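What follows is a single structure, written as structure tokens, with notes after it.
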Number of protein chains: 2
Amino acid sequence: MDLDDTDNSASSAVRGERAASQTLRAQLMLRSLIIGGELKPGERVSELQMVDRLGVSRTPVRAALIHLEHENLVEALPSGGYAVKELSEPEILVAIEIRGTLEGLAARMAAERGAPADLIAAAHVVLEEIDRIVLPGPRPNGLERYVRHNARFHDLIVDMAGSDTLARQIERAAVLPFASPSALVPMEPGSVETHQSLLLSQFQHRIVLQAIELRQGARAEAMMREHARTAHCNLRRALIAGRKLAELAVASLSSNS
Amino acid sequence: MDLDDTDNSASSAVRGERAASQTLRAQLMLRSLIIGGELKPGERVSELQMVDRLGVSRTPVRAALIHLEHENLVEALPSGGYAVKELSEPEILVAIEIRGTLEGLAARMAAERGAPADLIAAAHVVLEEIDRIVLPGPRPNGLERYVRHNARFHDLIVDMAGSDTLARQIERAAVLPFASPSALVPMEPGSVETHQSLLLSQFQHRIVLQAIELRQGARAEAMMREHARTAHCNLRRALIAGRKLAELAVASLSSNS
DNA sequence: TTGCCCCTATCTGTATACATAATTTTGCCG
DNA sequence: CGGCAAAATTATGTATACAGATAGGGGCAA
């Protein structure tokens, strides 16, 4: 069978991933289709249709669907098969709260157990990089760099907790489009409002890191929780601004490498 | 092909489930094999071996393995295939902490949003049933009834939060043998120590429910978290007493209907 | 005797064939 | 003209065939 992706309508999602397994390719492409809105919420995801669309056979498509079910992006229909899960605003808020709660737990564990020195140092470096982005003032193009460093900081906090189980659980909670720490993409790139929001987030980053260093578990946890609630504001703003879900796909996909 | 389970070495795990799909059967049986210790931690789970052992073909076995991977019971090997995940004591403690944290979040959300009256009433009924079990004093055979009602109470709290997303996440966190709220099975049935532990748990139940009714979110959350840490003691006791993981399989499996 | 290389046996990933169940469409009757 | 039923199409669940890869064992050479 022809396995290259020359005629693949969703091949842009797997740029540079052509060596990966068919299952992973199907998973990434399906995620992209769902988050990008090309598959409407509530719509049935026909396996054969996906075979035509993704260029892989039914087996990897089916495996990808099982994975996506656990990621809360599709749900199993009672009569068999899967449908794109419709995300209500309250459920997204809950997902954000779950992520914040678990990241708060990670921060507290890091503070109570003590975080490895190299991770602390790496976090300081990341925060200084963010400083160089946000301190000079609002500038275009700084947003995507911020998102990258922000995601790295969150990953470092989770790593400091030293638990693979916790890391996985957090990763799963952050799959939903607006629940990811990188979900501030819909913000207006150059606006003063955006810039102030980033400054506040950076303050929170510093407090979390300081609390972890000082072994202040409760403080680290509370601040991390509050920090996650920044996403609430972003979601509210995005819902008011209109449907720009497609933009989120890139950030959401790039954050789980 | 012969599809009945007459020569099925693990058929006891699916008693009453013969109408279910092959995938679900494979998932339940594999869970039982892993939690029951028949598959040793770190051991590779050969698909063909499981085909022989479970009496289903490779496709359902493979689907079940993907599900179990998301349940943290197996992990994907870099070279392909899966292996039984080895659960270190610290990781189990983390899993308990995750469950407690998320159940605490559920209790707080129930308190802040207000729980449906019928669920509150149902919870009161359950607590009165538990009272009838533990108040008269230590008695044999009360333990399994306690476990059942205890699981029901925890489910009710989660339901009160009114979020399917949160419910799923908690369910996943509670799959690990000792992380489930039903994980007090290894306790000695008739001992005074066991009875006092149950009494304390029941006090905590009452406080959580009262806090939810009074809209005391922080109190409900803190008490629910602390309540989950009861499992820490049970784990410690079980590890001292010796390996009786097999007993936990039943409780763990029955709690996720 | 020991270490390295090759060969074999098995295992996974993928594709596909087949049977059962669900859904849609079409035709007929009221 | 509308509703219901039946048939056909399509969907999923399951089993299996096949190819590439991997790991392990045995044999040969130093």
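Nothing here was measured: the structure is a model prediction, and the numbers come from that model. All values below were derived from every heavy atom in this structure, side-chain atoms included, with hydrogens, water molecules and symmetry-related copies excluded. To find a chain, count down the sequence lines: A is the first, B the second, and so on, and within it residues start at 1.
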**Complete:** note: B/Asp52, atom CG; C/dT10, atom C1'; distance rounded to Å ~ 13 Å

**Complete:** A/Arg25 atom CZ is separated from C/dG13 atom C1', nearest whole Å, by 14 Å

**Protein-nucleotide distance (A/Arg58, atom CZ; C/dT14, atom C1'), rounded to Å** = 13 Å

**Message:** OP1 or OP2 of D/dA11 versus the side-chain N and O atoms of A/Ser79: is any pair under 4.0 Å?
**Reply:** no

**Request:** Give the rounded distance in Å between these two atoms: CD1 of B/Ile66 and P of C/dT14.
**Result:** 10 Å

**Request:** Kindly point out which of C/dC11, C/dT14, D/dA15 is positioned nearest to the side chain of A/Ser57?
**Result:** C/dT14

**Request:** Answer yes when A/Glu129 and A/Arg145 have at least one side-chain N-carboxylate O distance shorter than 4.0 Å, and no when they do not.
**Result:** no

**Between P of C/dG13 and NE2 of A/His67, the distance in whole Å** = 10 Å

**Prompt:** Between D/dT12, C/dT12, C/dA15, which nucleotide gets closest to the side-chain atoms of A/Val56?
**Reply:** C/dA15

**Request:** Let me know the distance between CZ of B/Arg44 and P of D/dT22, rounded to the nearest Å.
**Result:** 11 Å

**Prompt:** When you measure from the side chain of A/Arg99 to the backbone N and O of A/Ala179, does any donor-acceptor pair fall under 3.5 Å?
**Reply:** yes

**Complete:** Taking C/dT12, D/dA11, C/dA15 as options, the one with an atom nearest any side-chain atom of A/Gln22 is C/dA15

**Message:** Between A/Arg113 and A/Ala161 (side chain of the first, backbone of the second, donor and acceptor by atom type, cut-off under 3.5 Å), is there such a pair?
**Reply:** yes

**Nearest to side-chain heavy atoms of B/Thr23, which nucleotide of D/dG13, D/dT14, C/dT14** = D/dT14

**Request:** Would you check if the side chain of A/Glu43 reaches a backbone N or O of A/Lys40 as a donor-acceptor pair within less than 3.5 Å?
**Result:** yes

**Prompt:** Counting any heavy atom closer than 4.0 Å, what does A/Arg62 reach on the DNA or RNA strands: base, sugar-phosphate only, or nothing?
**Reply:** base

**Request:** Rounded to the nearest angstrom, tell me the gap between atom CG in B/Leu77 and atom P in D/dA23.
**Result:** 9 Å

**Request:** Would you kindly give the OH-to-C1' distance between A/Tyr82 and D/dG13, to the nearest whole Å?
**Result:** 11 Å

**Request:** Measure distances between side-chain N and O atoms of B/Thr59 and base N and O atoms of D/dT16, and say whether any donor-acceptor pair falls under 3.5 Å.
**Result:** yes

**Asked** Out of C/dT12, D/dA15, D/dT12, which has the shortest distance to the side chain of A/Leu48?
**Response** D/dT12

**Prompt:** Which part of the nucleic acid does B/Val61 contact within heavy-atom distance under 4.0 Å: base, sugar-phosphate only, or nothing?
**Reply:** nothing

**Request:** Spell out, as yes or no, whether a donor-acceptor pair under 3.5 Å connects the side chain of B/Ser32 to the backbone of B/Leu28.
**Result:** no

